[in-house]
2 protein chains.
Amino acid sequence: MTVGPVEIGQRSETVRRANLGAIVRELHAHGALSRSELVARTGLTRSAIRSLVGELVHAGLAAEGPATRLGTPGRPSPVVQLVAGSAVVVALDIAVDSLAAAIVGLGGRTLARVRIERSREHSSVDEIAADLTGLARTVLGRRPAAEPVVGIGVAVVGVVRRSDGVVSMAPNLGWRDIPLGERLARALDLSVPISVANEADLGTLAELRRGAAVGADDLVYISGEVGVGGGVIVGGRPLTGIAGYAGEVGHMPVNPEGAPCRCGSVGCWETEVGEDALLVRAGLMPGGGRAAVDTVLREAAAGSATAQAALDHVGTWLGFGLASLVNLLNPQLIVLGGRFGRMYPFVTRALHAELDRRTLPAARSLVTVIPTSLGVDAPLLGAAELALEPLLADPAQWVRPRDTLPELKSA
Amino acid sequence: MTVGPVEIGQRSETVRRANLGAIVRELHAHGALSRSELVARTGLTRSAIRSLVGELVHAGLAAEGPATRLGTPGRPSPVVQLVAGSAVVVALDIAVDSLAAAIVGLGGRTLARVRIERSREHSSVDEIAADLTGLARTVLGRRPAAEPVVGIGVAVVGVVRRSDGVVSMAPNLGWRDIPLGERLARALDLSVPISVANEADLGTLAELRRGAAVGADDLVYISGEVGVGGGVIVGGRPLTGIAGYAGEVGHMPVNPEGAPCRCGSVGCWETEVGEDALLVRAGLMPGGGRAAVDTVLREAAAGSATAQAALDHVGTWLGFGLASLVNLLNPQLIVLGGRFGRMYPFVTRALHAELDRRTLPAARSLVTVIPTSLGVDAPLLGAAELALEPLLADPAQWVRPRDTLPELKSA
DNA sequence: CAGAGTTTGTGTTCCTCTCCACCAAATCTG
DNA sequence: CAGATTTGGTGGAGAGGAACACAAACTCTG
C-alpha cells in the first residue's frame with residue numbers, strides 16, 4: 001500500500017510521477033480495476049484518476065473497457081487495464097540445469113517463453129551468453145507484434161553485484177567476477193537497461209508479486225536447488241544489502257562440526273539441507289539432481305525408513321536455520337521454493353518441531369511456512385518484474401507529456 | 001538521503017509536508033546548516049528553502065543566526081538551527097542494572113538526564129513504573145523552561161510488540177506480556193504518544209543518528225549485556241519485522257550441541273557469547289555483571305591465559321554468528337555495543353579470523369567491524385529519536401499553517 | 001581602496017497539480 | 001416508472017514549487 005521512497009526535494013512534477021506510478025503499480029499488481037476501485041485504492045480523487053488514466057490511455061499504456069455489471073446501484077465504472085503489448089521486457093534465467101527466456105508485458109502477462117536443458121559441463125560465459133542470445137531472439141521473434149522492449153532482466157545462480165551486474169561468485173557455473181550484465185547487453189544489442197540479480201532473490205520477488213506471498217510485506221523465501229539460496233522482503237521491499245549480496249542464506253554457518261562447503265567454509269546451512277546432503281543420507285550418489293530427489297520422495301512415500309530419515313534430517317536442519325531467520329527478521333511468511341517446495345509434505349513435521357523448539361514464541365506465532373506456488377519459472381518471472389521496475393516507478397517517462405489535456409477537453 | 005515512504009495518492013500538501021520534513025530531518029541530523037547548504041542537500045530551490053525555513057522560524061522550531069565566515073566569495077548564507085526547546089521528548093530506559101530518563105530536544109540536544117542503579121531483585125512492573133515516573137518527573141523539573149513535551153520513548157530489555165508497546169518477553173525482568181506502554185502512559189499522564197521498543201533496536205537507531213554509524217544505511221548493531229541483543233538497519237530504515245520482534249540475534253541457534261538458553265531453546269548465540277559464557281570460561285561465577293567482565297579484561301591485559309582463552313572463545317563465536325548476519329544481510333558496518341564494545345580489542349583477532357573463514361568474500365570485503373562510540377546511554381538516545389520520529393516525519397503538524405506568508409511579505 | 005566577480009537572499013510571475021462543487025449519467029429498488 | 005444511489009465529467013479555486021530578474025554581501029585583484 002505504499003510506493004517507494006520519494007526523493008527529498010519534491011516538486012509538483014514529482015507528485016504527478018508518483019501518482020502515475022501508483023496507478024500503474026496497482027494495475028500491474030491486481031490486473032483490471034475499475035476507475036472507482038482505483039479511487040479507493042490510491043486515495044486520489046476522481047478528477048485526478050480521470051486525468052492520469054486518460055494520460056495512460058492516450059500513451060497506449062492502458063486501455064479502458066466497458067464497465068462490468070456488479071449488481072450494485074450507481075453509474076457503472078469503466079474498467080482500466082494495462083496493455084501488455086505497450087511495453088515488454090526480456091527475462092532471462094540461468095539456472096543450474098536449464099536456461100530460459102521470456103517476453104513479459106506490462107501487467108505481468110507472459111507473451112512468449114522458452115526453456116532448454118543445459119548440461120552442467122558447458123558453463124563458460126561464452127557458451128551461456130550465446131545460448132541465451134539465441135533464446136532471446138527466439139522469444140523476441142515469437143511475440144505477437146513488434147512490442148517495444150523497455151528492459152532486460154537476468155536471473156542467475158550466483159552472487160551478483162546489483163550495481164553493475166557482475167557475478168562475483170557462482171559455484172554452480174564455476175564463475176568468478178564475470179561481468180555478465182555487460183556481456184549480455186552487448187550480445188543482445190537492444191540498447192535498453194539490463195538488470196542482473198540472484199535467482200533466489202528474483203524468485204522471492206516473483207512470489208511476492210505473482211505467487212503465494214502476495215501481500216506479505218515481511219517475507220523469507222528459501223530456494224533449494226543444488227545449493228540453497230534465499231531472498232528476503234522487508235517492509236514490502238527486497239533486501240539487497242549494500243551491494244546486492246544479501247540473502248545468501250545457504251552459507252549461514254549452522255554447524256561448527258559440519259562438512260566442508262563449496263564456498264570454502266565449513267558447516268554452512270547448505271551442507272545440511274542441500275541436495276547432496278539429502279541424497280547421500282538416503283543412500284544415493286551425490287549430484288543426482290532433480291530426478292534423484294524425486295526418487296527419495298517416492299521411496300519415502302512408499303515407506304522407506306532410510307529415505308524418511310534423510311528427509312527428517314533435512315527437515316530438522318531446515319527448521320534450525322529458519323529459526324535464525326525467524327528470530328532475526330520476524331517475518332510474516334516463509335515460502336519454501338525449489339526442491340524444498342516438493343519436499344514440503346515430507347519435511348514439515350520435523351521442520352515445525354525444530355522451529356517450535358528454537359524460535360521465540362512471540363515471533364513463532366506470527367509466521368507461517370508454506371510451499372511455493374510458482375514452478376521453475378519463479379526466477380524468470382522475477383527477472384521480468386525486476387526489468388519492469390523502472391517503468392512502474394516512473395511511467396511518466398513513457399508518457400508523452402503535454403498534449404493530452406487539450407485533447408481530453410475537446411473529446 | 002531519502003525520506004520515508006510517502007503514501008500513494010499524493011497532494012500538494014503532501015509535498016510541502018515531505019519537504020518540510022526533509023529540512024527538519026537534515027537539521028536534526030547535522031545540526032546547524034546554512035540555507036545554501038540546505039539547498040544543496042535537499043535539492044530544493046532557494047525560494048522553496050526560504051519559504052519553508054521562514055515557516056519553521058515563525059513556528060519557533062528553528063532559528064536563523066548570522067552567517068559564518070567561510071573565506072569564500074559570495075554573499076554569506078544565514079545559518080539555520082533547530083530550537084531544542086521548541087519541542088522535547090521524554091526518553092526512558094529500562095536496562096538490566098539501571099533505569100534512566102532524559103529530556104531531549106529537537107535537534108538531539110539532551111536537556112536533562114538522570115540514571116539510577118537498579119537491583120535485579122526489584123523488577124516488578126509496579127516498582128519499575130513507579131521509579132521511572134519519579135525519574136521522569138525529576139528530569140521534567142530540571143528542564144530549563146516549560147518546553148512542550150511532544151512524545152515519550154521507552155527502551156526496554158525485552159521483546160516488544162511495536163504496535164501497542166506490549167513487552168511480550170523480558171527474561172531479565174521476568175516479564176511476560178506486560179502492557180508497558182499503556183502502564184507508563186497512565187503513570188506519566190502527559191497525554192502525548194508513547195512508543196516502546198527493544199533496547200538494542202534503539203541503541204542501533206542512536207548509533208545510526210548520533211554514533212559511529214552515521215551514514216551507514218546497512219548496519220548491524222550487536223549489543224552485549226547480560227543477554228545479547230541486536231538491531232538491523234536496512235536501507236537506512238530500522239528493521240522491525242511484522243510486529244517489531246526483529247533483531248533478536250541473541251537467540252539465533254548457532255550450536256546444536258550447545259547449552260540451554262534462558263529462552264527455553266538450546267545453543268542460542270547468547271549461550272556462547274553472553275556475559276555468563278565469558279565469566280564461566282574465565283573461571284568466575286556467572287551473574288557477575290559489568291564489574292566481573294572488567295575483571296576478565298584486566299586479567300587478559302595482564303597476560304592471563306585463562307582470561308584470554310575465554311575472550312578468544314567469545315571472539316570466535318562472535319565471528320561465527322556475525323558470519324550468518326554478513327552472508328544474510330550484506331551490511332556495510334557492524335557495530336559492537338555494550339560489553340562487546342569494551343571487549344573489542346581483546347576479541348578482534350579471533351572474531352576476524354572466524355569472519356574471514358565463514359563469510360562469502362564478496363560480502364566480507366565490504367563490511368567493517370567497529371566498537372560503539374556511544375556509552376550506556378545509547379538506548380536512551382535511541383528512545384528519544386524514536387519519540388521524535390513523528391515530529392521529524394511531519395513537522396507541518398507543529399507549524400501554524402497559513403499566517404506566515406502575509407507577514408513575510410510585509411516584513 | 002575600488003571595482004569585478006561570485007554567491008546568495010528576495011520578490012514576482014508562472015506553471016502544474018489536486019481538490020471541491022456542481023451537474024449529468026447509469027443502474028438498482030420499490 | 002420515479003426516487004435513491006453511485007459514479008463520471010467539467011470548470012474554478014487554492015496551493016506549492018520553479019524560474020527569473022534583481023539586490024545585497026562578501027572575496028579577490030590590481
Side-chain angles (χ1 to χ4, degrees), chain A residues 6-23 33-40 42-55 57 64 66-80 396 399 401-411, chain B residues 6-23 33-40 42-55 57 64 66-80 396 399 401-411:
Chain A
V6 176
E7 270 192 12
I8 55 180
Q10 298 194 333
R11 5 183 181 191
S12 11
E13 187 201 331
T14 319
V15 174
R16 186 180 191 73
R17 219 186 308 201
N19 286 343
L20 213 49
I23 292 176
L33 288 172
S34 74
R35 279 204 200 179
S36 61
E37 283 173 310
L38 280 174
V39 168
T42 61
L44 293 167
T45 60
R46 290 203 302 266
S47 321
I49 293 289
R50 181 182 101 91
S51 157
L52 295 169
V53 167
E55 201 151 326
V57 170
E64 281 189 303
T68 52
R69 307 244 167 143
L70 297 162
T72 55
R75 177 172 173 172
S77 193
V79 169
V80 188
V399 172
R402 269 309 82 205
D403 38 327
T404 46
L405 251 89
E407 187 159 348
L408 269 174
K409 275 181 184 171
S410 68
Chain B
V6 177
E7 271 192 11
I8 55 180
Q10 297 197 333
R11 5 181 177 194
S12 20
E13 188 201 329
T14 319
V15 174
R16 186 177 191 73
R17 220 186 306 201
N19 286 343
L20 213 49
I23 292 176
L33 288 172
S34 74
R35 279 205 201 178
S36 60
E37 283 173 309
L38 279 174
V39 168
T42 61
L44 292 166
T45 61
R46 292 203 299 263
S47 320
I49 292 290
R50 179 181 103 92
S51 156
L52 295 168
V53 167
E55 203 151 325
V57 170
E64 281 189 302
T68 52
R69 306 247 165 140
L70 297 162
T72 55
R75 178 171 172 172
S77 193
V79 170
V80 188
V399 173
R402 270 308 82 206
D403 37 329
T404 46
L405 251 88
E407 187 161 347
L408 270 173
K409 276 180 184 171
S410 68

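Residue numbering restarts at 1 for every chain, and letters A, B, ... go by the order of the sequence lines. We use all heavy atoms of the structure for the numbers below, so side chains are in, but hydrogens, waters and symmetry mates are not.
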note = Pro76(B) has its side chain closest, among dT8(C), dT10(D), dC26(D), to dC26(D)

ask   = Between dT16(C) atom C1' and Leu20(A) atom CG, what is the distance in whole Å?
value = 14 Å

key: dT18(C) OP1/OP2 closer than 4.0 Å to side-chain N/O of Asn19(A)   = yes

note = Heavy atoms of Leu44(A) and Val39(A) approach each other most closely as O-CG1, 3.4 Å

Atom pairs under 3.5 Å, N or O on each side, protein against nucleotides 20-24 of chain D: can you list them with distances?
{"residue": "dA24(D)", "atom": "O4'", "partner": "Arg75(B)", "partner atom": "NH1", "Å": "3.4"}

key: Distance, rounded to the nearest Å, where Arg50(B) contributes CZ and dT7(C) contributes P   = 22 Å

Residues in side chain to side chain contact (heavy atoms under 4.5 Å, CB included) contact with Val80(B), at least two apart in sequence or another chain = Leu27(B), Arg35(B), Leu38(B), Val53(B), Ala62(B), Glu64(B)

request  = Quick one: pull up CD in Glu55(B) and CD1 in Ile23(B) and give me the separation to the nearest 0.5 Å.
outcome  = 10.0 Å

inquiry  = If I take atom OG1 from residue Thr42(A) and atom CG from residue Asn19(A), how far apart are they, to the nearest 0.5 angstrom?
reply    = 7.5 Å

query = Roughly how many Å is it from CD1 in Ile49(B) to P in dT8(C), rounded to a whole number?
reply = 12 Å

query = For the pair made of CD in Glu37(A) and C1' in dT6(D), what is the distance, rounded to whole Å?
reply = 14 Å

key: Arg16(B) vs dA15(D): side-chain N/O to OP1/OP2 distance below 4.0 Å   = no

key: Length of the line joining Arg17(A):CZ and dC17(C):P, which is rounded to integer Å   = 11 Å

task = Select one nucleotide: of dT8(C), dT10(D), dG8(D), the one nearest the side-chain heavy atoms of Ser36(B).
result = dT8(C)

ask   = Rounded to whole angstrom units, what separation is found between the CG atom of Leu44(B) and the P atom of dA18(D)?
value = 6 Å

inquiry  = Just to verify, what does Ser47(A) make a side chain to side chain contact (heavy atoms under 4.5 Å, CB included) with, not counting sequence neighbours?
reply    = Thr45(A)

inquiry  = Please report the end-to-end axis angle for the helix from dC1(C)-dG30(D) to dG30(C)-dC1(D), five pairs per end, rounded to 10 degrees.
reply    = 10°

Any donor-acceptor pair under 3.5 Å from Ser77(B) side chain to Ser36(B) backbone = yes

inquiry  = For dT7(D) and Arg35(A) - does any side-chain N or O of the residue sit under 4.0 Å from the phosphate oxygens OP1/OP2?
reply    = no

key: For atom CD of Glu55(B) and atom P of dG16(D), their distance in whole Å   = 7 Å

query = Could you give the distance from CZ (Arg17(A)) to CG (Leu20(A)), rounded to the nearest 0.5 Å?
reply = 10.5 Å

